[in-house]
Protein chains: 2
Amino acid sequence: MQNPQIAILTEGCPEPWLAKTAITMLRYRAHDIAAVIDSASAGKTAGEVFGIGGNIPVVASLDDVPEATELSVGIAPAGGRLPEEWRSVLRAALCRGMNIVSGLHDFIGDDAEFQNLAKQHGATIRDVRKNNERRTAEAPEIRRDCLRIHTVANDCAVGKMAVAVELDLALRAAGEDSKFVATGQTGIMVAGDGLPIDCVVSDFVNGAAETLVLENQQHEILVVEGQGSLAHPSFSAVTLGLLHGCAPDGLILCYEAGRKDCKALPHVPLKPLSELRELYETVAALRHPCQSIGIAINGRRLSKSEAEDERKRVSDELGLPACDVYRDGAGVLVQAVFDLRETLNRAAAGSS
Amino acid sequence: MQNPQIAILTEGCPEPWLAKTAITMLRYRAHDIAAVIDSASAGKTAGEVFGIGGNIPVVASLDDVPEATELSVGIAPAGGRLPEEWRSVLRAALCRGMNIVSGLHDFIGDDAEFQNLAKQHGATIRDVRKNNERRTAEAPEIRRDCLRIHTVANDCAVGKMAVAVELDLALRAAGEDSKFVATGQTGIMVAGDGLPIDCVVSDFVNGAAETLVLENQQHEILVVEGQGSLAHPSFSAVTLGLLHGCAPDGLILCYEAGRKDCKALPHVPLKPLSELRELYETVAALRHPCQSIGIAINGRRLSKSEAEDERKRVSDELGLPACDVYRDGAGVLVQAVFDLRETLNRAAAGSS
């Protein structure tokens, strides 16, 4: 495609930083994006509203982006339901023949009205969360030379996907045969493949994660996007199914500096990262031996010097290399992956 | 109903003890059951084949139970798929106007042929695993005087449901306002209500378990049926979502004496119960403080004296009361529940 063709819908999102999908699309697919639709911020640029996306305009309505041929749903409201006020936008988009891509739990393509409109106007609807995963995990052996790295966290929405994407980009830049394994709707929109783990029936969550690894084990390194947190009362099932299914060798511990409470649950204080580190390793080892190899800090609330202090503090506290991938790049995590591979290779050589 | 009206289908089940649903129906709803259909064991009694159900006959085909008005699917094959060879039985049942109750993941009622037959012959199809749970868990406060007891285990199919049912029966026999909270298809078939946790979309597993507790918190004691195991590579997601969602005060640790490997995964050795005890308590406490209060032994492979030795051994090892609910009754677990309530009440009085 020559011209940017995607309009991203974030209408009604209470805070810009919660528009995870939009922000990630703006970061990794900026050249495909024509505009963001959000009447509350219309007239500003994406850079001003979301801190990313430069001069891509934020507009009030679909009419302001006549050139767009695809409408992407750019937020993931808790529960994943379709807000009532979006129906008119989706209707208008389909009537214009625009394709729709959505990560909601409410499947746009299952709605009779939208189905009919898409048919009438030759548009397609892609619900990236839709899946029919029905494989029970079997804990098979995975190719030994396929190193699995997994991003885990003390909460939702701290940047597990971004860290995985950045680490994969950096590994590939270093000449490695690495692959980012997407496990959520946004990751899938960025990567073009993957499985929406949180939308798989719970009996098959472990199996779906396992499938992702088995289908990609020809690569030397897989960087598997984490979901939720073992300590998040709403989503821990997804987190554990993914952790056991992908059977990682190494974990990257992600957190947001300064966050005190669980996302969307202000009455639930976050657990200390050191406590969770031990728990993640213990629980992961029920399936496959695993160690934490690095820390990824989301420093969006920190000044440059605060971020540097935080990096030193957390690195000392946990005895692991730490970085903010956006500020510092993912270099120290790349090195941590190399060190882990070296350690495992040495152990394997010693035991054979 | 006056006459037994249910025919239970276990055709093709590789080993009788794997026919969990059938065995549980035979134990708790024997007076409703006309026959078990399993051509490999036809001519024997349920008592001979399953060790329960006394003289209820095992028959070769549906034609041998002309009086039955309901066909219950009595096994839960891994993956929950409908075996191809059952289609003719289901077809015949519907043509006779029999109602079908099934706990398979493959929904009988979604199959066009079965749908049409049911309509033609005035039969109903109830897929107990079917659900539309879409509530995100919110970790609310639960009524303090509603004591939650949860059965957990080191593996699948060790008897978590049976222990929960027996404990609930014993608590009610002791005059307590207790309720068995069913979380699987068999439990639901026995109890008449509950939610099929393993069939809920993973993002909403924790929420579904939480809903079960919120909707039943008017009772003084809830005994929540466990699912899978934190250490089972196939089903740990279900286990954790349930554990966090029901926020138990007390755990009953269940295991089968003599079992060495994970169910259906002979290459995965079981973890020691003592190790899992600590892990369950630690992981549960991420949501709500929790302690193990007793051990339930499945002693089906043990002689009477072996069972007694095992009971003493495991009770000493873990410092907890232990019993086989079928051999010994659930008395020591009832006492353990009373002791826990006493302890929690004293702690609450001390802190107020």
Side-chain angles (χ1 to χ4, degrees), chain A residues 76-81 105-106 129 131 133-141 196-210 227-245 247 262 264-265 267-268 271 275-276 278-279 282-283 285-288, chain B residues 76-81 105-106 129 131 133-141 196-210 227-245 247 262 264-265 267-268 271 275-276 278-279 282-283 285-288:
Chain A
R81 292 189 179 272
H105 273 295
D106 270 341
R129 255 177 170 160
N131 74 91
E133 287 302 306
R134 297 276 288 270
R135 212 189 124 256
T136 302
E138 292 171 341
E141 229 169 297
I197 290 293
D198 63 359
C199 209
V200 173
V201 164
S202 61
D203 229 6
F204 306 112
V205 172
N206 301 48
E210 194 174 277
Q227 293 292 336
S229 165
L230 274 187
H232 197 296
S234 309
F235 307 116
S236 52
V238 180
T239 309
L240 182 55
L242 180 51
L243 183 70
H244 279 169
C262 269
L265 299 176
H267 62 295
V268 180
K271 302 291 181 289
E275 184 185 319
L276 283 182
E278 201 185 318
L279 195 62
T282 306
V283 172
L286 293 170
R287 164 70 177 98
H288 181 78
Chain B
R81 294 194 178 267
H105 273 295
D106 269 343
R129 254 175 171 161
N131 75 90
E133 288 302 308
R134 298 276 287 268
R135 211 188 125 259
T136 302
E138 292 171 340
E141 228 171 296
I197 290 292
D198 63 2
C199 209
V200 173
V201 165
S202 61
D203 229 6
F204 306 112
V205 171
N206 301 47
E210 193 175 276
Q227 293 292 338
S229 165
L230 274 188
H232 198 297
S234 309
F235 307 116
S236 53
V238 180
T239 309
L240 182 55
L242 180 50
L243 183 71
H244 279 169
C262 269
L265 299 176
H267 62 295
V268 181
K271 301 291 182 287
E275 183 185 319
L276 283 181
E278 202 184 319
L279 194 62
T282 306
V283 172
L286 292 169
R287 163 70 177 97
H288 181 77

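Order of the sequence lines sets the chain letters (A, B, ...), proteins ahead of strands, with each chain counted from 1.
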*Within 6.0 Å of CD in E278(B), more than 12 heavy atoms from elsewhere*: no

*Specify which of S236(A), G228(A), A247(A) makes the most heavy-atom pairs with chain B at under 4.5 Å.*
S236(A)

_Using side-chain contact (heavy atoms from CB on, under 4.5 Å), reason through L240(B) and H244(A) one step at a time and then give a plain yes or no._
CA-CA 12 Å; L240(B) 182 55; H244(A) 279 169; over 6 Å; no

_Part of E275(A) lying under 4.5 Å from any heavy atom of chain B_ = side chain

*asked:* Can you confirm whether L279(B) sits close enough to L286(A) that some side-chain heavy atom of one is under 4.5 Å from a side-chain heavy atom of the other?
replied: yes

*Start with the C-alpha distance between T136(B) and H105(A), add both sets of side-chain angles, then the distance that settles side-chain contact (heavy atoms from CB on, under 4.5 Å), and finish with yes or no.*
CA-CA 12 Å; T136(B) 302; H105(A) 273 295; over 6 Å; no

_Contacting region of E210(B) [heavy-atom separation from chain A under 4.5 Å]_ = neither

_Less than 4.5 Å to any heavy atom of chain B: does that hold for the side chain of H288(A), its backbone, both, or neither?_
neither

*Who among A209(B), A137(B), S234(B), G241(B) has the most heavy-atom pairs with chain A under 4.5 Å?*
S234(B)

_Region of L230(A) in contact with chain B, defined by heavy-atom distances below 4.5 Å_ = both

*For N131(A), is it the side chain, the backbone, both or neither that has a heavy atom under 4.5 Å from a heavy atom of chain B?*
neither

*Can you say whether H267(A) sits under 4.5 Å from chain B via the side chain, the backbone, both, or neither, judging by heavy atoms?*
side chain

*With a 4.5 angstrom heavy-atom cut-off, which part of R134(B) approaches chain A: side chain, backbone, both or neither?*
both

*Under 4.5 Å from any heavy atom of chain B - which part of T282(A)*: side chain

*Checking side-chain contact (heavy atoms from CB on, under 4.5 Å) for the pair F235(A)/N206(B): CA distance, chi angles, key distance, verdict?*
CA-CA 7 Å; F235(A) 307 116; N206(B) 301 47; 6.0 Å; no

*Indicate yes or no for a side-chain donor-acceptor contact from S202(B) to the backbone of V238(A) under 3.5 Å, with no hydrogens or angles considered.*
no

